[in-house]
Amino acid sequence: MNLSMTRIQAILMKDYKEFSRNYAVSIMVLMPLVLAFLYNKSGANTINTYFLAINMAFTLVTAYVQCCLIAEEKEKNTLRSLMLSPASLGDILIGKSLFVFILTMVIVALTIFIVGYSPANLFILAIALILSTVFYIAIGTLCGLFAKTVMEGSLIILPVILIFGFGSFALALSSAFPILKIAEWLPSSQLAQLAEALEGTYTTMDVIIPIATIIAWSLVTWIVVGYIYKKRMVD
């Protein structure tokens, strides 16, 4: 796959300009920061509380913004032009993801700082956070490909916010509703479990299983994104 840094950079700058002009989308980046501030002031200091704010940052910033940027391209009929341009699939997917990736890293770092969370092993957690970002960008891209307008994208992404943002709540209710135990394998739950394991004496499997699960979610979602994208090219 041939990649062009010039095309990727051009798509990155285009996304930045569209994001800065769309206040309905850009205002969402403040929501996780407000939530983190409220948790900090409330004195909540558990791993689940910290990662509720962090996972909300992933859903409200990464997935939501990515979905809306893709949907805006479709609404303006510029995504089809991009598909038919000399830019390769890699150029487009990387270019359309790079801005949101950078934005996510900034917001997640600020969320962690504001909420007052000090990871026991920053290196391992950073790897998991980066992999989680890749997954949420994929899920946001997938939702955006199904949306026809920004408004429709805002609605399509709501189940993602509820399922992945509040997965830990579903897990807490699993004793009463055993079917909710499936929430344990959500990327958001795995990320929180990894962080909790890192706070104590952890084994290699305590690290490998959550990271492998997040990677598996990412691979499957990106494969579906690639399939849907190519299908849209010939529709």
Side-chain angles (χ1 to χ4, degrees), residues 1-33 36 54-113 126-154 156-157 160-161 164-165 187 214 218 221-222 224-226 228-229 232:
M1 182 184 295
N2 294 323
L3 297 178
S4 171
M5 292 307 299
T6 302
R7 291 169 184 158
I8 292 173
Q9 185 178 4
I11 297 172
L12 167 65
M13 293 307 298
K14 181 177 181 294
D15 278 353
Y16 167 71
K17 291 177 182 178
E18 290 179 351
F19 172 81
S20 60
R21 286 195 297 261
N22 193 332
Y23 296 113
V25 175
S26 57
I27 196 69
M28 293 300 292
V29 303
L30 299 177
M31 298 300 291
L33 302 182
I54 293 170
N55 285 323
M56 289 305 292
F58 281 128
T59 55
L60 292 175
V61 177
T62 317
Y64 179 85
V65 173
Q66 180 73 357
C67 176
C68 289
L69 288 176
I70 298 291
E72 188 173 13
E73 293 273 15
K74 295 184 69 177
E75 186 175 2
K76 295 178 178 178
N77 292 320
T78 54
L79 184 61
R80 178 55 58 95
S81 300
L82 197 58
M83 288 178 173
L84 298 176
S85 71
S88 67
L89 174 62
D91 291 337
I92 296 172
L93 292 182
I94 294 175
K96 295 298 296 179
S97 304
L98 192 54
F99 171 72
V100 174
F101 182 87
I102 296 171
L103 181 66
T104 300
M105 291 294 98
V106 173
I107 296 301
V108 168
L110 288 174
T111 300
I112 291 173
F113 174 76
I127 293 174
L129 291 173
I130 290 171
L131 292 173
S132 296
T133 303
V134 172
F135 164 72
Y136 284 101
I137 289 175
I139 203 73
T141 303
L142 183 62
C143 291
L145 288 173
F146 282 104
K148 296 179 180 178
T149 64
V150 175
M151 182 62 70
E152 190 174 321
S154 300
I156 290 176
I157 203 67
V160 172
I161 296 174
F164 294 99
I214 296 171
S218 300
T221 310
W222 276 113
V224 175
V225 167
I228 299 297
Y229 177 87
R232 290 288 188 270

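One-based numbering along the sequence shown. Atoms considered below: every heavy atom in the structure, side chains included; atoms not considered: hydrogens, waters and symmetry mates.
- Within a 6.0 Å radius of CE in M31, no more than 12 heavy atoms belonging to other residues, nucleotides or ligands are found.
- A pairwise comparison of heavy atoms in I107 and L33 identifies O-CD2, 4.0 Å as the closest pair.
- Checking side-chain atoms of K74 against main-chain N and O of L145 turns up a donor-acceptor pair under 3.5 Å.
- Residue pairs that meet the side-chain hydrogen bond (donor to acceptor under 3.5 Å, both in side chains) test with at least one member in residues 97-112, sequence neighbours left out, are T62-T104.
- Shown here for M28 and V61, the closest heavy-atom pair between the two residues is O-CG2, 4.3 Å.
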I228 vs F146, side-chain contact (heavy atoms from CB on, under 4.5 Å): CA-CA, chis, key distance, verdict
CA-CA 9 Å; I228 299 297; F146 282 104; 4.1 Å; yes
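- Contact check for K14 versus L69: no side-chain heavy atoms found under the 4.5 Å cut-off.
- Scanning all heavy atoms of the two residues, the minimum distance from Q66 to K96 falls at OE1-O, 2.9 Å.
- Rounding to the nearest 0.5 angstrom, the gap separating the SG atom in C143 from the CD1 atom in I157 is 3.5 Å.
- L131 is linked by a side-chain contact (heavy atoms from CB on, under 4.5 Å) to I127, I211, I214, I215, counting only residues two or more places apart in sequence or in another chain.
- Counting all heavy atoms, side chain and backbone alike, L129 lies closest to M105 at O-CE, 4.3 Å.
- The structure places CD1 of I137 at 9.5 Å from CZ of F58, a figure rounded to the nearest 0.5 Å.
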After noting the C-alpha distance and the side-chain angles of I156 and K148, does the key distance pass the side-chain contact (heavy atoms from CB on, under 4.5 Å) rule?
CA-CA 10 Å; I156 290 176; K148 296 179 180 178; over 6 Å; no
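- By the 30° and 60° cut-offs, the orientation of the rings of Y136 relative to F164 is perpendicular.
- Judged as a side-chain contact (heavy atoms from CB on, under 4.5 Å), and not counting sequence neighbours, the contacts of I102 are L98.
- Side-chain contact between F19 and V100: absent, with no pair of heavy atoms (C-beta onward) separated by less than 4.5 Å.
- The CG atom of L12 sits 12.5 Å away from atom CZ of F101, with the distance rounded to the nearest 0.5 Å.
- A search for side-chain contact (heavy atoms from CB on, under 4.5 Å) contacts involving C68 returns V25, Y64, V150, S154, not counting sequence neighbours.
- Under the salt bridge (Lys or Arg N to Asp or Glu O under 4.0 Å) criterion, E72 pairs with K76, sequence neighbours left out.
- Pairing each heavy atom of C67 with each of G153, the nearest pair is SG-O, 3.5 Å.
- Counted within 6.0 Å of OH on Y16, heavy atoms from surrounding residues, nucleotides or ligands total 12 or fewer; the atom is thus considered open.
- Residues F99 and I11 form no side-chain contact, since every pair of their non-hydrogen atoms from C-beta on lies 4.5 Å or further apart.
- Across all non-hydrogen atoms, the minimal contact from V160 to A63 is CG1-CB, 4.3 Å.
- Applying the side-chain contact (heavy atoms from CB on, under 4.5 Å) rule to M151 yields the partners T149; only residues at least two apart in sequence or on another chain are considered.
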